[in-house]
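Ligands are counted one by one from 1 in listed order, and the atoms in each one are counted from 1 as well.
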Amino acid sequence: MSMLPPGSVLGIVGGGQLGRMSAIAAARLGYRAHILTTEADGPAAQVAHAVTLGAYDDHDALRRFAGAVDVITFEFENISADGLDLLSSLRPVHPAGAILRISQDRIAEKSFMGEHGIPVAPWHAVESRADLDRAADVLGYPFILKTTRLGYDGKGQARIHSPADLDHAFDTLRPHPLVAEGMIRFACEVSVMVARNERGDVSTFDVTENRHRNGILDISLAPARISPDLAAQARDLARRIATALGLVGLLGVEMFVDHDGSLRVNEIAPRPHNSGHWTMNACPVDQFEMHVRAVTGLPLPPAIRHSDAVMKNLIGPDDMALWPDIMATPHLLAHHYGKAEARPGRKMGHVNVIFPLGSLPGEFGVDAALGPLAAPADTNS
Ligand code: AMP
């Protein structure tokens with residue numbers, strides 16, 4: 001694909017915050033974002049050039065959307081196989097449907113990693129109750145049972161501590177098949193954002209260290225506090241995955257740093273990723289611009305980081321109650337997603353704090369830097 005000229009229309013499937021931030025990046029490069037969404041006033045629609053309202057399996061809406069755009073990308077991967085085929089028959093789609101299908105299905109994802117020599121946690125596909133017994137024998141307790149499709153933010157999974165947990169987990173986790181995974185005693189969780197364009201140029205951002213709360217990403221630190229050698233290995237894994245997939249676009253690769261210092265890939269997401277939001281204030285070209293550049297055929301600059309960074313998600317009504325305080329704290333670089341209703345557990349925005357290169361603070365410093373968003377003091381101590 002040649003470089004799309006400014007004024008062209010970038011079609012984005014999905015109307016959430018990732019689409020919003022991609023649309024803003026597209027506008028900066030002179031493109032117009034056209035959003036396919038079910039929400040007329042959602043985060044992406046609010047900042048877009050145009051919107052097609054419709055469900056992701058509504059073929060009529062998909063046709064109208066494709067007819068109005070020059071190239072199609074995603075901010076949301078759970079579009080049906082049929083819908084993907086239809087879009088791909090009408091316009092260039094990046095990343096390709098085959099990549100979305102791999103990332104939508106944990107069995108396909110882990111099989112792909114195995115075929116390409118990418119390390120993952122030990123795993124077994126579980127189609128029947130007998131498969132689950134066999135998986136338990138091989139993996140030992142505790143282990144994790146996950147749905148194959150549509151899991152996110154820690155939903156659709158259960159920790160299995162003993163044989164007494166098997167029946168309930170097997171019956172409640174739906175749909176089947178499931179995936180049983182060995183429990184990794186990880187030292188930390190990290191991720192790498194990697195972009196690749198059609199010419200095969202690849203850019204990987206620095207490794208991010210991620211901390212979750214209630215199954216949702218809470219804080220990301222960049223760079224991850226791991227050895228330079230391990231960081232180089234993590235970036236190399238991300239590059240290998242992007243190349244093996246033939247990626248055109250952006251991909252988030254989540255990994256565990258095992259207690260023995262080895263890396264294991266947990267999952268991939270072929271779109272901008274929450275753990276890459278720090279790049280918006282710590283990199284000259286952030287993950288959203290890199291995404292837009294990759295799918296519109298622009299050259300990819302190196303993913304340079306000019307600052308160290310901490311990103312904290314703003315989740316639900318409790319964090320949003322602090323918005324006036326955040327606005328009154330100039331070093332908190334805030335990003336609001338424009339969602340009307342702050343429901344518990346809902347991602348409403350994020351803040352970044354940047355530090356001169358090499359001066360990412362330790363625990364207390366991170367907390368102090370977050371000001372009004374610092375973790376509440378432990379009332380028991
Ligand atoms: P996932 O839905 O696969 O991203 O998992 C959500 C979270 O559950 C991860 O970020 C980890 O904190 C934890 N987790 C998932 N799989 C494993 C595993 N095999 N071993 C240990 N922790 C895991």
- Message: Looking only at side-chain N and O atoms, does Asn197 offer a donor or acceptor that is under 3.5 Å from a partner on His94?
- Response: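 No, Asn197 and His94 have no side-chain donor paired with an acceptor closer than 3.5 Å.
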Measure [X] to ligand 1 on non-hydrogen atoms and call it side chain, backbone, both or neither using the 4.0 Å cut-off.
X      : value
Ile184 : both
Arg264 : neither
Asn210 : neither
Met183 : both

- Query: Would you say Arg159 and ligand 1 have an N/O pair spaced under 3.5 Å apart?
  - Reply: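 Min N/O separation from ligand 1 is not below 3.5 Å for Arg159.
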- Task: Kindly identify the option in Glu109, Glu254, Arg106, Gln157 whose heavy atom sits closest to atom 7 (C) of ligand 1.
- Result: Gln157
Carboxylate-amine/guanidinium contact [X] [Y], below 4.0 Å:
X      : Y      : value
Arg211 : Asp218 : no
Arg64  : Asp60  : yes
Asp165 : Arg159 : no
Arg235 : Asp206 : yes
Arg293 : Asp201 : no
Arg101 : Glu109 : no

- Message: I need the atoms of ligand 1 closer than 4.0 Å to a non-hydrogen atom of Glu189, numbered in the order shown.
- Response: 9 (C), 10 (O), 11 (C), 12 (O)
Any atom of ligand 1 sitting under 4.0 Å from a heavy atom of [X]?
X      : answer
Phe256 : yes
Gly182 : yes
Arg185 : no

